[in-house]
Number of protein chains: 2
Amino acid sequence: MKSIEEDPGPGVGPDPRLPLHARIKDDLLRRIRAGEWNGTTPLPPESSLADSYEISIGTLRRVLGELATEGILERQQGRGTFVRRASFQNSLYRFFRVQGQEGQTPLSRILSRTPETADSVLAAALNVRLGSGLLHMRRLRLWNEHPFLIEDIWLPLPRFDAVAQADLSDLGPLLYPAYERLACVVVGSATEELSVVAATATQAALLSVAPDTALVRISRSALTHAGEIMEYRESHGVANSFRYRVEIS
Amino acid sequence: MKSIEEDPGPGVGPDPRLPLHARIKDDLLRRIRAGEWNGTTPLPPESSLADSYEISIGTLRRVLGELATEGILERQQGRGTFVRRASFQNSLYRFFRVQGQEGQTPLSRILSRTPETADSVLAAALNVRLGSGLLHMRRLRLWNEHPFLIEDIWLPLPRFDAVAQADLSDLGPLLYPAYERLACVVVGSATEELSVVAATATQAALLSVAPDTALVRISRSALTHAGEIMEYRESHGVANSFRYRVEIS
DNA sequence: CAGTGGTCTAGACCACCTT
DNA sequence: AGGTGGTCTAGACCACTGA
């Protein structure tokens, strides 16, 4: 329990010329990134947060509303306000037009799981030192026994030792819940980048297409709430099964 | 000037169980789509809007704030609240990595401008009857005399007669301001769809690549504020100069 | 039932733009 | 100077959740 004297009060934030709500928002973002609330425990109720910041409840509600709109927080009437996990609603993956029922998760088959050392590309992607230990997993995604996506996944060691040693059947089709269970790491956000490349011989064989067929490559960096890169992933799928839509306004 | 009796009051909106702010928002969206304010004339001031809806200014401000966040309205302190044109900040076009200074508009060269009749694909894309009149323009975009994008643009006639007859030098590199000037049509929003195709012989020649090179195709449907499709556009660029990023949270 | 977030109000004061 | 949107407050009442 905090005393009022410990609390930063309305003076928080770097630039006192900023509006009050902006400074409060910055401070809340800082505390979320610091892991003060972990996704299962709610933030303090509005009234108590407003008191501790010494602002009116209306101003605090404006800040919480903005953070909810941005997908950082999730508000549930009667229950409380929670830090949200990354939802991957916007993920580019979803735009491979594959034959399969809506809402179902495709089958996944882990082809390999081997320790590696970081080359310069991976060291940069994961923000680790050259030559440090990584876990590399290669996975195939399939609909009705028909492969449509190859995933190469790299995780830093020793942080993910538990994933390296877990029974493969413990991992299941969704890896992020497994990371949380085994290594206590939660995905807070991610960045994906799309590009088009020609299939290597290996990729072509796995996807049963001709070599040099155009593939869509999606590179994903997944971050913790604190902003540390926890996973780097490259996925390749056949380009002519890919459609992506954007709304502009 | 409206009398209070004419105004819909707080009872507007289809479902009276909806919160007040949601019903007001629906009504404002309807009036925006109906073209009640055209982008240069401001909406009535907050106080007068709140009075005419018989709601408090705080509730009205909430609605206007949401519409501004969604990019529908633009608020300018001291000036007023305006309906926004489409900004194309999110356009997929921007992700062709071309050599050229930031912020500059690439050169454009109109290769052809011919009347056509709508085939089934174009009729569906522009929501017009099969066989109705269209204007087809083909345009090349270049950086330093190096072509990187082919654009095929279709406009419904007779609405865009003025564009069909204007001097080509009147069109300039940006078409949407020209549509507004010549045909009094403003873009309110747009949808873009990305796919990957193989270059035809003609496309390959124009872009000086080998036939069957992978191209990124971007199909764009541009809409008026009223939701009518005013332009359909297909653009093709070399796929390996394309990079697209998405943030996920 | 107590506690949470959701809605709505009424009004004060400030910062900015136009005239 | 007058009018616009921007900030902030204080409080009433409602709807939902969980024990």
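Letters A, B, ... are given to chains in the order of the sequence lines, protein chains preceding strands, and every chain is numbered from 1.
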Expressed as a whole number of angstroms, how long is the span from [X]:[atom1] to [N]:[atom2]?
| X | N | atom1 | atom2 | answer |
| --- | --- | --- | --- | --- |
| A:Ile57 | D:dC13 | CD1 | C1' | 13 Å |
| A:Leu43 | C:dG5 | CG | C1' | 13 Å |
| B:Leu67 | D:dG5 | CG | C1' | 15 Å |
| A:Phe82 | D:dT17 | CZ | P | 12 Å |
| A:Leu73 | C:dG6 | CG | P | 11 Å |
| A:Lys25 | D:dC8 | NZ | P | 13 Å |
| B:Glu46 | C:dG11 | CD | P | 16 Å |
| B:Trp37 | D:dT4 | CH2 | P | 15 Å |

Phosphate OP1/OP2 of [N] contacted by [X] side-chain N/O (<4.0 Å):
| X | N | answer |
| --- | --- | --- |
| A:Arg61 | C:dG6 | yes |
| B:Arg79 | C:dC16 | no |
| B:Arg75 | D:dT4 | no |

Salt-bridge test for [X] and [Y]: reply yes if a basic N is under 4.0 Å from a carboxylate O, no otherwise.
| X | Y | result |
| --- | --- | --- |
| A:Arg159 | A:Glu228 | yes |
| B:Glu192 | A:Arg245 | no |
| A:Arg75 | A:Glu46 | yes |

* Asked: When all nucleic acid strands are considered with a 4.0 Å heavy-atom cut-off, which category describes A:Ser47: base, sugar-phosphate, or nothing?
  ->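 Nothing, no nucleic acid heavy atom in range.
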* Which is true for B:Arg62 with a 4.0 Å heavy-atom rule: it touches a base, it touches only sugar-phosphate, or it touches nothing? ->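 Sugar-phosphate only.
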* To do: Find which nucleotide of DNA chain D each of A:Gly58 and B:Pro45 is nearest to by heavy atoms, and output the residue with the more 5' nucleotide.
  =>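 By nearest-heavy-atom nucleotide position, the 5'-most residue is B:Pro45.
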* To do: Assign each of A:Leu60 and A:Gln77 to its nearest nucleotide of DNA chain D by heavy atoms, then name whichever residue's nucleotide is nearer the 5' end.
  =>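 The residue whose closest nucleotide sits nearer the 5' end is A:Leu60.
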* To do: Give the intermediate values and the outcome of salt bridge (Lys or Arg N to Asp or Glu O under 4.0 Å) for residues A:Arg85 and A:Glu180.
  => CA-CA 11 Å; A:Arg85 290 162 169 68; A:Glu180 193 171 343; 2.3 Å; yes
Which nucleotide sits closest to the side chain of [X]: [options]?
| X | options | answer |
| --- | --- | --- |
| A:Leu20 | C:dC8, D:dC8, D:dG5 | D:dC8 |
| B:Ser56 | D:dG5, C:dC8, D:dC8 | C:dC8 |
| A:Pro19 | C:dT7, D:dT7, D:dT9 | D:dT7 |

* Pair A:Tyr53, A:Asp27: side-chain N/O donor-acceptor within cut-off below 3.5 Å ->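 A:Tyr53 vs A:Asp27: donor-acceptor pair found between side chains.
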